[in-house]
Structures are given as C-alpha cells and as structure tokens.
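Just so we're clear, the structure is a prediction, and the values are computed from it rather than from any experiment. Here is the naming used below: chain letters follow the sequence lines, and residue numbers restart at 1 for every chain.
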2 protein chains.
Amino acid sequence: MIVQSATCKDAQMPSPSPHSRPVRVLLVEDHDMVAEAICLALERSPGLRIVGRAASVASALADARRTEPDVVLMDRRLPDGDGVAAIADLLALVPNVRVLVLAGEGSGSVAARVAEAGGAGLILKARGLSELEDAVRRVAQGELVFSQDLLGDVLGRLAGRTSGLGANLTPREREALALLGQGRTTAEISEQLGVALNTGRNHVQRVLEKLGARSQLEAVTIARREGLLA
Amino acid sequence: MIVQSATCKDAQMPSPSPHSRPVRVLLVEDHDMVAEAICLALERSPGLRIVGRAASVASALADARRTEPDVVLMDRRLPDGDGVAAIADLLALVPNVRVLVLAGEGSGSVAARVAEAGGAGLILKARGLSELEDAVRRVAQGELVFSQDLLGDVLGRLAGRTSGLGANLTPREREALALLGQGRTTAEISEQLGVALNTGRNHVQRVLEKLGARSQLEAVTIARREGLLA
DNA sequence: CCGCCACTAGTGCATATTCACTAGTGCGCA
DNA sequence: TGCGCACTAGTGAATATGCACTAGTGGCGG
C-alpha cells in the first residue's frame, strides 16, 4: 500500500529522560495494518521512537543503512524472504544493531536460529504490548531476550548441541524442502534443481531423515512448524 | 477499492445517523500483541468502541452473546478453528451482528466463503488502519465490504458459479484434508476417521480431485493458499 | 596431502499413493 | 416414493515414495 505513515511521525515525543536518549526502532512488518498499529503503540511508549518502517527484507536493509537504528523489530515471515535469514545481512550493514524477531508462533529451533544468526531476541505476537515494549528496551541495552520456554533450546544450541532440527540442512536440501513446501513432486524438484531424478530424490530423502519425518507431507508440516518455510 | 452498497434492508437499524451512537465492536484475534494494538487504534477512532476482545472461537461466541456487538471483527485463523466457519454460529447467536473477517492473505475463494456464510466483509491485514476503520463503519451500516480484486469471485460465487475451490468438499473430505494438513498418511487418516483403509483413501482421492491437486502435498498447498486449513 | 563433506548419480525393493472403476446403504428432498 | 448424494468398501494396475545401500567428483580446512 502507500506511504510512510504520518501517524508514526506526528505522535508527540515524550520528554526525553535525563539519563537515556530514545531507543531508535526500525519496524519491519509486511502487514500494514499491524505495522501501523504497533507503530502507534510503541510511539506511546516513553523512550522508544520509530525511525522507519519497512515491509520487506530488501527495503529493511535499505532503511537500516539509511536510518541506522538501535533496534530492528522484524517479523519472521516477510514476502521476499525469511526474517531470520536477514539478520546476518542487517548485522553486516549496521554492525551494532540489535535485531528482535517478531514471530506469530515459535518453537525452540526458531529461537535457536535467531540466536545463532546473531539476533538479539525473539518475541511472540501472543505476548502483549507491554512485553514487547519491555523486550525492545532490554535488547537496546544489550540483553538477549528469549521467552523462558525457548531458552533451553537456545542455550543447548549455542553450546553446540544439535537441538535445532533444520539447521544442518545443506543448501540443496533447503531448496528441495522449499519446493516440497510448494507442493512439487520429487520429479519436478529434480527438474527445477537441474539434476537427475535420483539426485533430487536423495536430497528429499535426506531432508526427511534430518527432520525426522516419515513422509514428504510430514516433512513440510514439521518444517512449517519449525519456521524453515516462509 | 471497497464498496458494494446496501443490499441489506436496514430496517432494524436503531439509529439512522452514524453520529448518534458508537459502533460497538467485538475484536477476535489470538495474537495478544496485535489485538491490543488494533484495539488502541480503533479506540482512537471516533464513533467506534471496542466492547470486548476474544482470542478464540469459543470465547468469541460467549462474548458475542454477552455483549451483543454491532460488528465482530474476527481473524480468519484462530487456535480452535476457522473464523469463517464461526460466522454461522455467530449469526445464530446474535442475528443482526455484522461479521468482518480479518485475513493475513486472501484469495477470492476465502472471500466467497465469507459472503456465503453470511459475513459482512473481508479485509486484508495489508490494508492499513484507516481502511480498517472505514470498513468497520461501512459494515456497521449494512454494506458488504470486499476489496476490489476479490469482488469478482464473490459475485461469481453468489451467482452460483463454482469459482471457489473447496466449498463443495463434504464434511468427511474436510476432515481428511485437515488430517492431511497435519502430515498424516492415508492409513492414519482412515484410522482417525474410524473407517476402512479404502474408504479413507477414497475421501483423500476426492479431495485431490476437487482441489485439482496432483498429489497430497499439492492438495495441502492449495488448501492452505485458499484458506481451507487453519 | 589427506580427509571430510556436499553434491552428484545410481540400484533394488517394499510400501504408499494415484487413478479408474463398481456397489451397497442411508438420508433428505421433491 | 423415488432420486440424488454422501458415506462406506472394495479391486486392480500404474506410478511415486521410503529406505538402504554404493560410488565418483570437487572444494575446503587441518
């Protein structure tokens, strides 16, 4: 849709606190309605300031370079890619930025991948605005913010154990999984990848093994649950 | 982009003037963060009043009976079921309520099913708060609100054409599809439905036919795209 | 330089799915 | 009362998957 909301910019600035400058936030969310609403909410929150809004990974990168925010608050699923995958690019562009990922539903392995990619935290949309504000402030101060139930996975993963299901998928396997998620057959996947039928079949087979799935259908279900598919 | 005017006879509208009485809105949305934020936004809007919030189909029905709202603004996907399927129950409970469905992504057939179920409209989350406010006011006045690109499907469907893919699925076929969407095999589906293997197989087969899918995987993909799966 | 790993390609076989049929039963509607 | 439809159950054959292997090639790091 159009325009950068005047709504965000014209909200009155809270008087700056004596001991801290406002946290500059870049909001990346593809659903305008939700973006505007969260924008409104965060602008009401003292000490937070929305300095930009983006609706895609591409424009998020551009905006991040332009505005150099303290915190990027980014939806996990975006039209042109995975928010988690974009963390590395953001960090490369703006080294000290804290990336807080916003997820509709999350399991431990999503959180683990966020942590591994250098993200500052993950918060669920089920969590309430006050917790969101709190999380933004915490990550701005350098804390890692993951909800209690996901912490075990995050720590285990950072310690090197393989608790996250899909992290050890190879690029080809990821491609195969993505095509599976679009409903393609093994033959179509092989063609798409430009390899022999048997090769594509092997990639798919290894995806099933690594995900612990007993059918392609289950693999897609698991992958979707674990956030491996946009 | 909206509009489709007054096909409904608004005989029982208590106040003809929109200024005299606020539109009472029940918000049904499972993500607390989004619900709170939208709540905030709509409360700012003159003439709209949030009289309740629910996070599930079950509590939506309870709240609707208790608060008797003018408009139910309901997310399409809820933890305990499909928002579209809940429209009929809502109308049975509160006959004159207008149900406006909120969808993240939508195709024509979703809109068609909303219209067919007696819903007052469908608005995409990509659409912006001002359009949401506008849509709520319009449905409160008896208009049907569907965005332009979905209108063709809606009208076609109301005229009897079979543009909606999944609407003619039988209950058993729907169950089979739901289980497919959870990654179950044909055998597991048959067991779950309490029928013979061949019967379950037939149900699945007919789902594939009706959805035009060439594999179970593709069927699930199509179903998800068309909004037939939560 | 050697080993590890991803990618590639293949074989063989058991099982599952796809597809095209027939057919009995029960329910609701004209 | 009869017709249509959903649900049930089955057969049989072609195709696709799931599973367990072997193996060659190329890149990258110890």
**OP:** List the steps and the verdict of side-chain contact (heavy atoms from CB on, under 4.5 Å) for B/Q216 and B/V207.
**Re:** CA-CA 9 Å; B/Q216 297 177 348; B/V207 169; over 6 Å; no

Subject >> Option passing salt bridge (charged side-chain N to carboxylate O under 4.0 Å, His left out) with A/E29 (candidates A/K125, A/R76, A/R77) >> reply: A/K125

Subject >> Short N-O contact, B/E143 and B/R98, less than 4.0 angstrom >> reply: no

Original post:
Could you walk me through whether B/I123 and A/M33 pass the side-chain contact (heavy atoms from CB on, under 4.5 Å) check?
Top reply: CA-CA 10 Å; B/I123 185 168; A/M33 188 181 295; 4.2 Å; yes

Original post:
Atom CD of B/Q216 and atom C1' of C/dT18: how far apart are they, to the nearest Å?
Top reply: 9 Å

Original post:
What nucleotide, of D/dG10, D/dT17, C/dT8, holds the atom closest to the side chain of A/H203?
Top reply: C/dT8

**OP:** Counting heavy atoms from C-beta on, name the nucleotide in C/dT18, D/dA9, D/dG18 closest to the side chain of B/V195.
**Re:** D/dA9

Original post:
Which part of the nucleic acid does B/L208 contact within heavy-atom distance under 4.0 Å: base, sugar-phosphate only, or nothing?
Top reply: sugar-phosphate

Subject >> Residue B/R201, side-chain heavy atoms: nucleotide from D/dC7, C/dT18, D/dC21 that is nearest >> reply: C/dT18

**OP:** Between D/dA6, C/dT18, C/dA6, spot the one nearest the side chain of B/S215, thanks.
**Re:** C/dT18

Original post:
Roughly, in whole Å, what's the span from CZ in B/R214 to C1' in C/dA16?
Top reply: 18 Å

Original post:
Are the charged groups of A/D63 and A/R66 less than 4.0 angstrom apart, N to O?
Top reply: yes

Subject >> Distance test, side-chain N/O of B/Q205 to OP1/OP2 of C/dA20, below 4.0 Å >> reply: no

Original post:
Within the structure, does a side-chain N or O atom of A/T199 lie under 4.0 Å from either OP1 or OP2 of C/dT8?
Top reply: no

**OP:** Round to the nearest Å and state the distance from B/L217 atom CG to C/dT18 atom C1'.
**Re:** 14 Å

Original post:
Can you check whether A/L193 reaches A/L179 side chain to side chain, under 4.5 Å on heavy atoms?
Top reply: yes

Subject >> Value in whole Å for how far the C1' atom of D/dC5 lies from CD of B/E173 >> reply: 11 Å

Subject >> Rounded interatomic separation in angstrom, taking CG from B/N202 and C1' from D/dG12 >> reply: 13 Å

Subject >> Intermediate values then yes/no, side-chain contact (heavy atoms from CB on, under 4.5 Å), B/V72 and B/L27 >> reply: CA-CA 6 Å; B/V72 175; B/L27 177 61; over 6 Å; no

Subject >> C/dA16 phosphate, OP1 or OP2, under 4.0 Å from B/T186 side-chain N/O >> reply: no

Original post:
Quick one: bend of the helix from C/dC1-D/dG30 to C/dA30-D/dT1 from 5 pairs per end, to 10°?
Top reply: 40°

Subject >> Whole-Å distance separating the CZ atom of A/R172 from the C1' atom of C/dC5 >> reply: 16 Å

Subject >> Between D/dC19 (P) and A/N198 (CG): distance, integer Å >> reply: 17 Å

Subject >> Comparing A/P171 and B/T185 on DNA chain C - which has the more 5′ nearest nucleotide >> reply: A/P171

Subject >> Out of C/dT17, D/dT17, C/dT8, whichever nucleotide has its closest atom nearest the side chain of A/R206 >> reply: C/dT8

Subject >> Point-to-point distance, once rounded to the nearest 0.5 Å, from CG of B/L144 to CG of B/L122 >> reply: 12.0 Å

**OP:** Could you state the atom-to-atom distance from CZ of B/R184 to C1' of C/dA16 in whole Å?
**Re:** 17 Å

